[in-house]
Participant: 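Structure incoming, see below.
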2 protein chains.
Amino acid sequence: MKLRNSSVSAREVAARAGVSRSAVSRTFTPGASVSEETRRKVLEAAEALGYHVNQLARGLTRQESGIVCLIGSDLGTPYRANLMKALTQHLQNVGKVAMVINTDRLDGSVDLALRQAIRYRADGSIILSGMPDKSITRLCLNNGQRLVLINRDDEHDGPLHINLDEAAAMGAVLMAFLRAGCRRLAFANSAAGTPSLMAREKGFIAAAATMGLDVMTERHGFTCYDSGRVLAHRLLTRKERPDAVFCVTDLIACGFMDAARQEFGLRIPEDLCVAGFDDIEQAGWSSYGLTTFSQPIDDIAARAVAWLDQGGRSDAQPLPSFIRLPASMVWRQSIRKG
Amino acid sequence: MKLRNSSVSAREVAARAGVSRSAVSRTFTPGASVSEETRRKVLEAAEALGYHVNQLARGLTRQESGIVCLIGSDLGTPYRANLMKALTQHLQNVGKVAMVINTDRLDGSVDLALRQAIRYRADGSIILSGMPDKSITRLCLNNGQRLVLINRDDEHDGPLHINLDEAAAMGAVLMAFLRAGCRRLAFANSAAGTPSLMAREKGFIAAAATMGLDVMTERHGFTCYDSGRVLAHRLLTRKERPDAVFCVTDLIACGFMDAARQEFGLRIPEDLCVAGFDDIEQAGWSSYGLTTFSQPIDDIAARAVAWLDQGGRSDAQPLPSFIRLPASMVWRQSIRKG
DNA sequence: TTGTACGCGTTATCAC
DNA sequence: GTGATAACGCGTACAA
């Protein structure tokens with residue numbers, strides 16, 4: 001066992017195995033032609049020396065680094081964390097590796113992150129939040145990088161867009177509220193104003209309008225538990241108190257439910273029907289039993305990775321660059337059954 | 001604006017700027033000597049061409065890739081997700097970037113992940129779960145990689161170990177239970193058997209023994225909400241029902257509390273005192289109001305990153321390779337005040 | 001300060 | 001199947 005403080009290169013392995021450097025390279029290149037004899041000698045020497053292929057050098061000559069950048073904020077949030085987890089898992093399954101860039105406190109946020117992705121010659125980037133400048137998008141594409149935008153409704157051309165069918169979901173939850181006998185509808189939104197959040201708000205209001213109903217709408221703060229509490233205060237103190245509220249996110253719904261029960265003495269679903277979105281783990285906890293919409297996280301991750309991976313193999317036909325996935329309703333106890 | 005499908009290199013920038021290729025290199029190397037004039041010309045050409053330094057190539061010549069691997073499982077869990085978030089944030093602050101490797105479904109788990117880290121010539125790796133084989137640890141060290149083990153009590157030599165003072169925390173919570181008048185103590189653990197979880201169990205039992213008290217201990221399943229519910233059933237159906245229970249994790253505590261209240265009709269803290277560990281966001285939600293111990297996540301991340309970063313600058317004196325951080329008690333409503 | 005030449009570790013191409 | 005050789009893009013002595 002060597003004890004130097006630097007890594008061992010293919011040349012050293014070749015020397016020890018008594019073969020050329022190319023033989024070593026071929027041994028570690030899937031689908032290359034090496035005789036069983038040399039292969040054995042190389043692997044033996046590599047094992048003894050502790051040799052590992054240098055992906056930096058490999059990425060330099062091939063046009064593939066194997067790196068995919070995951071760019072987003074609020075990575076500690078249940079939904080985001082699970083999405084990140086699924087993405088890293090799927091990337092690993094196809095032999096790629098995730099490089100995550102946190103845009104929480106970044107100035108140029110996404111643009112800066114994408115520049116970092118370019119510097120590491122990432123094969124692609126997956127964007128979970130923020131909207132990249134159009135010029136940066138072009139820059140990535142020119143650098144041979146593939147882009148995936150998840151739940152961002154930007155109209156960029158070139159990247160893959162993965163979105164949910166928010167309108168259909170909002171139609172479904174409205175029907176559920178109506179079947180439960182609710183007529184005084186409310187929508188609790190955060191002030192973040194991201195495309196998917198706004199799509200839910202618009203979808204819900206539009207669906208209600210179809211039935212000739214109005215919606216009390218409030219927006220406040222970040223998309224978190226505490227905002228849910230504040231929104232509950234705003235909506236439940238109105239002269240005409242809502243009997244059904246859609247919370248734009250499960251996190252907000254949890255805060256809303258806690259405030260509604262503990263500070264307003266409301267029973268759910270008897271006095272108030274509540275629904276959320278994301279189907280985070282807490283929605284299933286028995287303190288909440290929240291009826292919500294599940295984001296098809298695993299499917300999203302699979303599609304995103306497949307799109308990026310297909311970029312490598314040139315024989316594949318182009319996939320559609322707009323994917324709209326359904327969010328299926330998860331029935332629990334926070335809406336009365338009609 | 002160029003429209004090729006490959007990235008632009010320093011040579012092209014040099015050509016356009018009318019300088020040598022080294023001039024370009026120097027312009028993008030902090031602390032190199034370039035005249036203001038050439039620097040301007042280079043930056044101008046770089047901007048026009050959309051040039052970005054190739055970190056793969058840079059990492060090849062320098063002995064630093066700027067990559068740090070984050071290795072762990074259960075990355076969707078609140079505590080883990082927040083730790084990952086803090087780590088990526090701190091890494092970015094010192095100009096490094098996080099490469100995350102999910103060990104959830106990996107066969108050789110940590111060992112495999114560390115091999116991946118070596119292949120990408122990571123400057124270091126931070127391990128959140130699993131215990132690397134001693135030989136792999138050596139391998140990393142030999143490859144010039146620095147290692148940080150968080151909350152793993154392994155006795156490896158060379159890596160930085162960051163642990164919490166679990167014993168002190170257990171002493172504190174025992175005192176709190178006693179002051180609340182509790183005597184029938186219980187400990188709800190998962191079956192994971194990781195070092196930090198077992199340290200809490202041992203610490204709690206030892207503290208109780210000091211006071212001449214016994215502890216009803218149960219272990220079950222993964223470290224999650226559902227296990228908490230099962231553990232509640234196991235412990236609360238005992239002939240001598242506990243009046244205080246320490247849950248090894250907040251997640252388990254939440255499940256335990258829900259089951260205790262809803263299935264056993266117990267009031268917390270009147271009939272049963274509960275405490276947890278981690279101080280995840282949900283512990284502060286008003287449905288739980290869980291008294292717990294906060295993991296100093298930001299401090300942990302800062303220390304880990306500082307240790308890795310110091311490896312680069314050779315003028316720094318070695319930091320201690322064992323750090324024990326205190327977990328401070330966060331008082332809420334789940335323990336009666338004495 | 002600037003340019004030249006070489007090395008970093010790997011893969012691809014080409015003869016053999 | 002195997003071995004030289006030329007890239008890949010960059011940092012850096014070294015000489016100018």
Participant: Of the candidate nucleotides D/dC8, C/dG9, C/dT11, which contains the atom at the shortest distance from the side chain of B/Arg11?
Facilitator: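 Minimum distance to the B/Arg11 side chain belongs to D/dC8.
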
Participant: Report yes or no: does A/Ser7 contribute a side-chain atom to a donor-acceptor pair with the main-chain N or O of B/Asn143 at less than 3.5 Å?
Facilitator: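 A pair under 3.5 Å: no.
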
Participant: Nearest to the side chain of A/Val53, which nucleotide is it out of C/dT11, C/dG9, D/dG11?
Facilitator: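 Closest nucleotide to the A/Val53 side chain: C/dT11.
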
Participant: Give one of base, sugar-phosphate or nothing for A/Phe28, where a contact means two heavy atoms less than 4.0 Å apart.
Facilitator: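 Nothing: the residue A/Phe28, judged by heavy atoms under 4.0 Å, touches no strand.
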
Participant: To the nearest Å, give me how far apart CG (B/Asn54) and C1' (D/dG11) are.
Facilitator: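 Going from B/Asn54 (CG) to D/dG11 (C1'), I get 13 Å.
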
Participant: Figure out the CZ/P separation between A/Arg119 and D/dG9, and round it to whole Å.
Facilitator: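 Roughly 17 Å, once rounded to whole Å.
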
Participant: Rounding to a whole Å, what distance do you find between B/Gln63:CD and C/dG7:C1'?
Facilitator: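 Answer to the nearest Å: 12 Å.
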
Participant: Would you kindly say whether B/Ser22 and B/Ser25 are connected by a side-chain donor-acceptor distance under 3.5 Å?
Facilitator: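 No pair is found: no donor N or O on one side chain lies under 3.5 Å from an acceptor on the other.
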
Participant: Can you check whether B/Val42 reaches B/Phe28 side chain to side chain, under 4.5 Å on heavy atoms?
Facilitator: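 Yes. Closest side-chain heavy atoms under 4.5 Å.
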
Participant: Provide, to the nearest angstrom, the distance between the CG atom belonging to B/Leu60 and the P atom belonging to D/dC8.
Facilitator: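 Nearest whole value for this atom pair: 15 Å.
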
Participant: How many Å lie between CD on A/Glu64 and C1' on C/dT10, as a whole number?
Facilitator: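 In whole Å, C/dT10 C1' and A/Glu64 CD are 15 Å from each other.
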
Participant: Looking at A/Leu160, A/Leu128, A/Val305, A/Leu87, which hits side chain to side chain contact (heavy atoms under 4.5 Å, CB included) with A/Val148?
Facilitator: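 Only match with A/Val148 under side chain to side chain contact (heavy atoms under 4.5 Å, CB included): A/Leu160.
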
Participant: Is the phosphate of D/dC10, meaning OP1 or OP2, less than 4.0 Å from a side-chain N or O of B/Ser25?
Facilitator: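 The answer is no; no side-chain N or O of B/Ser25 sits under 4.0 Å from OP1 or OP2.
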
Participant: How many Å lie between NZ on B/Lys41 and C1' on C/dT1, as a whole number?
Facilitator: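 Checked: the NZ to C1' distance equals 12 Å.
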
Participant: Apply salt bridge (charged side-chain N to carboxylate O under 4.0 Å, His left out) to B/Glu12 and B/Arg16, showing your working.
Facilitator: CA-CA 6 Å; B/Glu12 311 178 43; B/Arg16 171 158 183 145; over 6 Å; no

Participant: Using atom CG of B/Leu56 as one end and atom P of C/dG9 as the other, report the distance to the nearest whole Å.
Facilitator: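 Atom-to-atom, B/Leu56 to C/dG9, this comes out as 14 Å.
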
Participant: Would you say A/Tyr51 places a side-chain N or O within less than 4.0 Å of OP1 or OP2 belonging to C/dT10?
Facilitator: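 Checking C/dT10 against A/Tyr51, a side-chain N or O does come within under 4.0 Å of OP1 or OP2.
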
Participant: Between B/Arg58 and D/dC10, is there a contact of a side-chain N or O with OP1 or OP2 at under 4.0 Å?
Facilitator: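 B/Arg58 to D/dC10 OP1/OP2: no side-chain N or O under 4.0 Å.
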
Participant: At a cut-off of 3.5 Å, list every protein nitrogen or oxygen paired with a nitrogen or oxygen from nucleotides 2-7 of chain D, distance to 0.1 Å.
Facilitator:
residue: D/dT2; atom: OP1; partner: A/Ser35; partner atom: OG; Å: 2.7
residue: D/dT2; atom: OP1; partner: A/Thr38; partner atom: OG1; Å: 3.1
residue: D/dT2; atom: OP2; partner: A/Ser35; partner atom: N; Å: 2.9
residue: D/dT2; atom: OP2; partner: A/Ser35; partner atom: OG; Å: 3.4
residue: D/dT2; atom: OP2; partner: A/Thr38; partner atom: OG1; Å: 2.8
residue: D/dG3; atom: OP2; partner: A/Ser20; partner atom: N; Å: 3.3
residue: D/dG3; atom: OP2; partner: A/Ser20; partner atom: OG; Å: 3.2
residue: D/dG3; atom: N7; partner: A/Arg26; partner atom: NH2; Å: 2.6
residue: D/dG3; atom: O6; partner: A/Arg26; partner atom: NH1; Å: 3.3
residue: D/dA4; atom: N7; partner: A/Ser22; partner atom: OG; Å: 3.4
residue: D/dA4; atom: N6; partner: A/Ser22; partner atom: OG; Å: 3.1

Participant: Examine distances only and state if a side-chain atom of B/Ser65 and a backbone atom of B/Arg121 form a donor-acceptor pair shorter than 3.5 Å.
Facilitator: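 Side chain of B/Ser65 to backbone of B/Arg121, a donor-acceptor pair under 3.5 Å: yes, one is there.
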
Participant: Once you round it to whole Å, what is the distance between P of D/dG9 and CZ of A/Arg121?
Facilitator: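 The answer, rounded to whole Å, is 8 Å.
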
Participant: Considering residues at least two apart in sequence or located in another chain, which fulfil the salt bridge (charged side-chain N to carboxylate O under 4.0 Å, His left out) criterion with B/Asp104?
Facilitator: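 With sequence neighbours excluded, B/Asp104 shows a salt bridge (charged side-chain N to carboxylate O under 4.0 Å, His left out) to A/Lys85, given in chain and number order.
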
